[in-house]
Amino acid sequence: MLLHVLYLVAIVAEAMTAALAAGRRRMDWVGVCLLGSVTALGGGSCRDVLLGRYPLSWVENPALLGVTAVAAMATIPLARFMYSLRRLFLLLDAVGLVVFTVIGCNIAMAMGLSVPVAIMSGMITGCVGGVLRDVLCNDVPLLFRSELYASVSVLTGGAYIGGQAMALPHDAVLFAAMGFGLTLRLLALRFNWNMPRFIYTQDLH
Amino acid sequence: MLLHVLYLVAIVAEAMTAALAAGRRRMDWVGVCLLGSVTALGGGSCRDVLLGRYPLSWVENPALLGVTAVAAMATIPLARFMYSLRRLFLLLDAVGLVVFTVIGCNIAMAMGLSVPVAIMSGMITGCVGGVLRDVLCNDVPLLFRSELYASVSVLTGGAYIGGQAMALPHDAVLFAAMGFGLTLRLLALRFNWNMPRFIYTQDLH
Amino acid sequence: MLLHVLYLVAIVAEAMTAALAAGRRRMDWVGVCLLGSVTALGGGSCRDVLLGRYPLSWVENPALLGVTAVAAMATIPLARFMYSLRRLFLLLDAVGLVVFTVIGCNIAMAMGLSVPVAIMSGMITGCVGGVLRDVLCNDVPLLFRSELYASVSVLTGGAYIGGQAMALPHDAVLFAAMGFGLTLRLLALRFNWNMPRFIYTQDLH
């Protein structure tokens with residue numbers, strides 16, 4: 001199934017971007033593997049823990065640990081080519097975001113949860129991995145600051161669930177929602193779209 | 001029920017203080033909503049995950065996600081008045097702490113858990129939201145450094161559970177414990193009470 | 001049972017090193033207790049939450065909370081002697097790593113999980129407490145940067161599980177794996193062994 005292939009592409013892309021973040025923090029090879037796996041599998045794991053859905057994906061299918069660790073390690077020799085491949089990379093990262101999102105929505109709906117929870121489930125699946133990566137690298141999560149990442153996830157999830165509610169065929173809705181989210185994300189990157197910021201400088205104490 | 005109303009006041013107050021923290025980090029509007037929701041609902045979610053109590057509150061009642069996101073967004077236009085309202089705010093935040101604490105104790109006792117675990121459950125409910133907020137803002141958690149926040153929670157939980165063990169009427173114990181905790185917290189703020197610090201400067205390696 | 005005694009030594013050692021980290025961040029006494037307990041019990045708690053294994057150890061046996069809090073507090077008056085005791089300390093910390101690792105492997109195997117998941121379970125039990133400590137102290141986790149800590153855990157777990165697969169007597173395998181891991185860790189500390197680092201300085205955006 002195409003979604004399964006896209007899922008593998010997504011976790012590989014997430015593991016590789018996490019490996020580059022590890023390299024920026026001068027981590028050792030073990031740190032690269034661990035950060036890659038935590039980033040790629042952390043969103044889905046967080047979703048499953050919050051929804052009480054056991055076993056987690058990597059417990060059921062431990063090959064995922066190998067895939068993410070190998071993808072992270074492979075980034076080390078490939079790093080010199082990363083800059084010239086950065087457009088491909090940002091594309092794969094955006095594919096990952098929308099694929100994770102629809103998978104997360106799907107899982108919550110299969111559990112019979114409500115629409116807002118399904119949208120949250122999609123957003124957690126798509127975004128929490130990157131938050132864990134940034135916290136472990138001692139950065140303020142990018143998610144909270146830029147580029148419509150979370151917004152794209154919420155809108156993709158909303159389109160996917162809304163389309164199904166209108167009784168349209170599932171696969172058409174799936175690809176339309178993913179295409180919509182992907183387009184939005186790439187436009188946001190291309191034109192540097194951002195949400196307005198809230199800037200506050202006082203201290204209440 | 002009064003406790004339910006106070007719970008809503010508490011999550012609104014927590015979401016609003018988190019929104020101000022987001023503003024200090026120049027987060028965008030989505031970051032403000034996310035940080036507000038994570039802070040307000042994170043303590044209870046962490047407690048439920050640690051105790052294995054499913055579904056989580058916001059999964060069962062997704063309106064809570066809306067309440068916290070709206071409270072966080074509403075903070076943006078209100079921010080200019082926050083400084084003059086800071087006493088009201090610190091009062092609401094203190095109310096939140098004691099309300100979260102007694103709710104957390106209650107839940108653990110209803111699960112038949114032991115007294116120390118019930119006190120921990122109260123402290124986790126009352127304090128973990130703020131820890132998540134500080135970690136996501138890339139700060140050392142305030143909880144670990146100041147103002148008897150965790151101590152007030154432990155003492156409130158102890159008073160609440162101790163009073164019940166003495167077979168006093170539940171509502172009287174509830175309000176006495178909350179009044180005691182609230183008074184202690186406000187006195188700590190007013191007179192700048194702090195626990196002694198541990199200062200260590202050597203490195204073992 | 002010896003493993004149980006070693007487990008208590010391990011959580012005491014972890015709580016005490018966390019207390020020193022708290023002192024470096026000038027935390028107050030409550031922060032010292034909390035950071036000590038979170039560090040000592042966080043690895044096992046994270047493992048149990050990820051594997052869906054309830055109740056957690058400190059919920060079932062709340063005395064563990066007392067042990068870790070007391071160990072952390074006792075570090076404050078003892079801190080002046082820590083430097084002269086640092087070799088004992090690093091030894092106890094290394095004992096803690098291998099003990100936590102074999103306990104984590106054991107638990108996963110008793111749940112019937114696969115070998116890679118059991119090795120991960122050992123590594124999570126051995127290493128996540130220190131990651132939580134570093135994140136709460138606003139540091140990049142040491143685990144990702146130095147001293148074969150995670151590698152020792154993986155190799156110890158692999159030796160322990162591999163030895164059992166060869167149908168060797170359990171206790172012989174247990175002590176051989178722990179001795180192997182302990183030796184490796186102490187050699188790594190003594191000779192300052194490190195994994196190679198990945199250093200990357202470009203930004204993809």
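Letters go in sequence order (proteins before strands), and every chain restarts at 1.
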Using heavy-atom distances under 4.5 Å, tell me whether B:Asp139 contacts chain C through its side chain, its backbone, both, or neither. backbone
Pull out the residues in residues 2-12 of chain C that come under 4.5 Å of chain B, heavy atom to heavy atom, sorted by number. none
Counting a contact as any heavy-atom pair under 4.5 Å apart, which residues of residues 66-77 of chain C contact chain B? C:Thr75, C:Ile76
Please output the residues of residues 93-128 of chain C in contact with chain B, using a heavy-atom cutoff of under 4.5 Å, in numerical order. none
Given that the side chain runs from C-beta out, which part of C:Val59 has a heavy atom under 4.5 Å from chain B: side chain, backbone, both or neither? both
Selection from C:Leu56, C:Leu85, C:Leu35, C:Val32 maximising heavy-atom pairs under 4.5 Å formed with chain B: C:Leu56
With rounding to the nearest 0.5 Å, note down the distance linking CG in B:Asp134 to CG in C:Leu136. 10.0 Å
Gap between atom CZ of C:Arg25 and atom OH of B:Tyr200 - 0.5 Å precision: 15.0 Å
Which atom of B:Phe198 lies closest to which atom of C:Ala19, heavy atoms considered: CE2-O, 3.1 Å
Structural part of C:Ala22 lying under 4.5 Å from a heavy atom of chain B: backbone
Sorted by number, residues from residues 44-55 of chain C in contact with chain B (heavy atoms, under 4.5 Å): C:Val49, C:Tyr54
Nearest heavy-atom approach of B:Arg197 to C:Arg26 is NH1-O, 2.6 Å
Strictly distance-based, threshold 3.5 Å: is any side-chain N or O of C:Asn138 a donor or acceptor partner for the main-chain N or O of B:Asn138? yes
